[in-house]
Number of protein chains: 4
Amino acid sequence: MSSPAPPTTARGEKRPLILQAATEVFAEQGFAAVTVAEIAERAGIGKGTVYEYFSSKEELLFAVFEWMNEAIFERIRGLLDEGGTARDRLRRLLELGAEFTAEQIDMQAVVLDFWAASRGTRSEERYNRSCLVTFRGYRGVLAEVVRDGQRAGELRAEVDAEAVAIMLLAAMDGLGVQIFFDREIDPRTTVAAFGEVVLAGLEVRR
Amino acid sequence: MSSPAPPTTARGEKRPLILQAATEVFAEQGFAAVTVAEIAERAGIGKGTVYEYFSSKEELLFAVFEWMNEAIFERIRGLLDEGGTARDRLRRLLELGAEFTAEQIDMQAVVLDFWAASRGTRSEERYNRSCLVTFRGYRGVLAEVVRDGQRAGELRAEVDAEAVAIMLLAAMDGLGVQIFFDREIDPRTTVAAFGEVVLAGLEVRR
Amino acid sequence: MSSPAPPTTARGEKRPLILQAATEVFAEQGFAAVTVAEIAERAGIGKGTVYEYFSSKEELLFAVFEWMNEAIFERIRGLLDEGGTARDRLRRLLELGAEFTAEQIDMQAVVLDFWAASRGTRSEERYNRSCLVTFRGYRGVLAEVVRDGQRAGELRAEVDAEAVAIMLLAAMDGLGVQIFFDREIDPRTTVAAFGEVVLAGLEVRR
Amino acid sequence: MSSPAPPTTARGEKRPLILQAATEVFAEQGFAAVTVAEIAERAGIGKGTVYEYFSSKEELLFAVFEWMNEAIFERIRGLLDEGGTARDRLRRLLELGAEFTAEQIDMQAVVLDFWAASRGTRSEERYNRSCLVTFRGYRGVLAEVVRDGQRAGELRAEVDAEAVAIMLLAAMDGLGVQIFFDREIDPRTTVAAFGEVVLAGLEVRR
DNA sequence: GATGAATGAGCATTCATTCAT
DNA sequence: GATGAATGAATGCTCATTCAT
């Protein structure tokens with residue numbers, strides 16, 4: 001009450017605390033079911049403080065979404081830097097996706113929420129743009145690898161790289177949803193099996 | 001009984017009217033953003049009447065979801081009855097999925113809503129079961145066709161049919177989501193291009 | 001569906017049926033908690049039919065209240081016709097009250113409801129008048145018996161007969177309420193014991 | 001802390017304000033007819049604030065009921081501390097009851113409401129227990145005074161003290177109800193007259 | 001900066017009543 | 001007369017957001 005020393009967190013540095021707490025409760029209960037009071041409690045701060053860092057509950061969801069995607073992108077970049085043939089990189093990208101799905105099934109829920117929370121809101125436009133940009137980012141990476149393989153003569157040149165990128169990303173997203181509802185599916189083996197088929201279909205025949 | 005044509009709707013028969021109206025507004029604005037009053041207005045009936053046919057707003061969402069899936073399943077069954085090689089049927093299934101996605105992008109929104117609406121609700125269990133059953137239904141159809149092809153020697157026997165079914169369904173779902181946010185994607189050509197790759201990867205090599 | 005013979009009740013004679021059903025459900029659950037649909041169902045008729053006989057749910061409560069009081073008054077009149085000294089009649093009136101309370105604890109609930117249902121209603125005035133008239137009726141009977149006893153030299157002349165009537169009626173009403181909440185009280189012995197005290201206090205001393 | 005006088009009410013101290021406002025409007029219009037918005041308006045606060053202090057409208061009714069009874073009990077305790085013979089204390093208890101009835105006819109309405117509001121509610125059990133406990137409290141006080149008088153040889157030993165207590169309490173309750181509907185009755189003279197009769201009936205004869 | 005008491009817009013749901021059949 | 005499908009007014013309650021301290 002009168003202790004002069006800061007408790008644990010430095011002043012004005014509660015942002016990651018809130019972000020972490022929000023991510024957790026969003027994952028557990030879903031955006032709509034979560035109250036700002038709950039987020040604050042989980043973060044161990046006052047309700048009003050949340051609004052010092054985020055202008056609204058919705059804004060907080062945006063931040064969580066971006067936070068998650070940044071982390072994923074970072075790992076993708078690291079993976080690509082390792083080099084290898086296009087087939088190798090493609091295989092590793094799929095593995096990474098499977099790993100993410102396996103590790104963070106509840107994160108999948110946050111993404112679902114993000115999609116759904118946008119609807120009918122004032123900021124629907126902004127949500128859509130944010131989703132679009134994110135999707136394009138992932139797609140760009142995938143398509144680039146495919147095109148690399150085509151240029152190198154590894155992969156069939158007549159295949160539409162963009163289409164393959166779209167569908168592979170779609171498959172990874174959709175897999176997360178299915179596993180969210182059916183925990184018996186094993187993402188790693190499923191992705192590996194399907195990946196082999198796709199790679200077989202992509203490679204140049206002699 | 002003697003009136004030449006029913007002016008609007010007969011008494012006691014407002015169920016499809018409500019279902020249709022609900023599907024529309026759910027698609028347009030999302031479950032959370034829609035009010036029961038809005039649904040009633042769209043259906044041209046009184047607010048209370050909605051509750052004569054559905055015990056709650058949530059129950060109505062369930063009904064819409066099931067209604068949609070039934071319609072889709074019916075078309076799938078029709079498609080499979082046409083026969084053809086496994087490759088033909090697989091190609092046609094993908095085409096059908098693309099067509100659905102193209103035709104009913106807004107339907108995709110209802111599915112998203114259904115997923116998201118489940119979270120943190122009292123009836124979360126029921127939602128999950130409903131989704132699980134639906135997914136398994138689609139997967140079963142796809143896996144069966146693949147296995148048919150394997151038995152007929154058309155498709156490589158060493159491929160995990162279930163994994164392929166999971167991922168193809170996932171890809172179709174995920175495609176819907178991407179198109180929902182990025183209308184520049186053309187589902188038909190994208191699916192066709194990707195389908196060729198997958199089929200190439202599945203077929204038996206000489 | 002096409003049977004020409006009336007089922008059980010003659011046409012246009014459903015009034016007592018409704019009255020009986022309403023009395024039962026009001027007693028069981030209270031006026032506010034009962035729906036018109038419930039009353040109709042209990043009476044084995046259609047919801048709309050209730051409105052053929054009573055213009056509103058409130059009106060029905062009025063009718064039930066009056067119905068009950070009429071029955072009680074009838075028994076009081078019969079009791080007074082048996083004659084006897086004022087003390088005898090007073091004692092028998094109290095016995096009758098105890099009996100009613102014992103027999104129809106749930107009826108007590110209807111009276112409670114009637115009191116409470118009036119409040120804040122459009123027809124508050126009418127409720128109050130109805131209660132007032134009923135109370136005055138009972139009080140009149142009691143006061144008359146006391147005055148009879150005073151005129152006959154049985155009971156002390158200096159006692160305010162009206163005050164005694166008011167308080168005895170009040171005691172019987174209040175007893176019903178207490179028993180409604182505390183079923184361990186036996187109305188007959190309680191009233192008998194108190195009645196002896198009051199009669200001892202009323203009688204002329206030598 | 002340094003402001004000379006609080007303008008309206010300090011933060012976090014709106015409980016008595018709400019209790020007072022609720023008591024007033026409940027008395028005026030009855031529990032069922034009152035809206036939470038009305039209570040808030042009367043208290044000069046926002047609707048949501050009511051729910052900061054009471055978890056539901058029903059809970060508020062409970063609080064009002066207990067508040068009232070506490071106040072009454074306090075005065076009863078003060079009265080008994082004054083001492084005197086059993087007859088004196090009994091007479092004073094009846095006088096106090098008459099006074100309460102005269103002063104707070106509208107309070108009577110709240111009690112009626114409380115009784116009636118219980119019916120058919122989920123918390124019916126709790127209502128009944130609350131009423132039972134309250135009744136037993138009043139009865140205990142009355143019975144104890146009578147037994148004191150019997151032990152002191154003032155009052156007839158063969159009289160059932162508990163029965164007298166039950167009926168006197170009942171009479172006071174019932175009086176309140178009658179006066180609520182018939183303002184011409186004067187509680188003080190009525191109770192005094194009846195009290196003399198009962199005391200005469202209770203006292204030991206030579 | 002941090003807090004949490006106060007706020008009120010917003011909405012699902014109930015149910016008495018009507019009226020076409 | 002009898003019916004019950006249709007209706008919409010009415011209200012308790014939640015919770016994101018504000019702002020005085």
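Each chain gets a letter, A, B and so on, in the order its sequence line appears, and its residues count up from 1.
A straight line from CZ of Arg15(C) to C1' of dA2(F) spans 18 Å, rounded to a whole angstrom. Note: CD (Glu52(A)) to P (dG1(E)) measures 6 Å, nearest angstrom. Computed from coordinates, the Glu59(C) CD to dT17(E) P distance equals 10 Å when rounded to whole Å. Residue Glu38(A) contributes atom CD, which lies 11 Å from atom C1' of dC15(F) at whole-angstrom precision. Nucleotide dA6(E) holds its P atom 10 Å from the CG atom of Leu17(D), rounded to whole Å. The separation between Tyr51(A) atom OH and dT17(F) atom P is 4 Å, rounded to whole Å. Separating the NZ atom of Lys47(D) from the C1' atom of dG12(F) is a distance of 8 Å, rounded to the nearest angstrom. Distance, Ile18(A) CD1 to dG1(E) P: 11 Å, rounded to whole Å.
Scanning all heavy atoms of the two residues, the minimum distance from Val34(C) to Val25(C) falls at CG2-O, 3.4 Å. Closest of all the heavy-atom pairs between Ala27(C) and Arg119(D) is O-NH2, 2.8 Å.
Comparing Ala32(A) and Glu58(D) by the nucleotide of DNA chain F that holds the closest heavy atom to each, the one mapping nearer the 5' end is Glu58(D). With the nearest nucleotide of DNA chain F identified for both Ile45(B) and Ala37(D), Ile45(B) has the one nearer the 5' end. Residue-to-nucleotide proximity on DNA chain E shows that, of Val50(D) and Ser55(B), the 5′-proximal contact is made by Val50(D). Comparing Gly44(D) and Ala33(B) by the nucleotide of DNA chain E whose heavy atom lies nearest to each, the residue mapping closer to the 5' end is Gly44(D).
Contact check, Lys57(D) against dG12(F): a side-chain N or O comes under 4.0 Å of OP1 or OP2. For the pair Tyr53(A) and dA2(E), the criterion of a side-chain N or O lying under 4.0 Å from OP1 or OP2 is met. Contact annotation: Lys14(B) side-chain N/O to dA6(F) OP1/OP2 distance is under 4.0 Å. The phosphate of dC11(E) (OP1 or OP2) has no side-chain N or O of Thr35(B) nearer than 4.0 angstrom.
Counting heavy atoms from C-beta on, the side chains of Glu38(B) and Gln29(B) come closer than 4.5 Å. Side-chain contact between Glu58(C) and Tyr127(C) is present, with heavy atoms from C-beta onward closer than 4.5 Å.
The only member of Phe26(B), Phe114(B), Phe31(B) that meets ring pair (Phe, Tyr, Trp, His ring centres under 6.0 Å) when paired with Phe62(B) is Phe114(B).
Comparing dT7(F), dT7(E), dC13(F) by their closest approach to the side chain of Thr49(D) singles out dT7(E).
Within 4.0 Å of Val34(C), counting heavy atoms only, lie sugar-phosphate atoms of the nucleic acid but no base atom.
In this structure, dT21(E) forms a base pair with dA2(F), meeting either the Watson-Crick or the G-U wobble geometry with both donor-acceptor distances under 3.5 Å.
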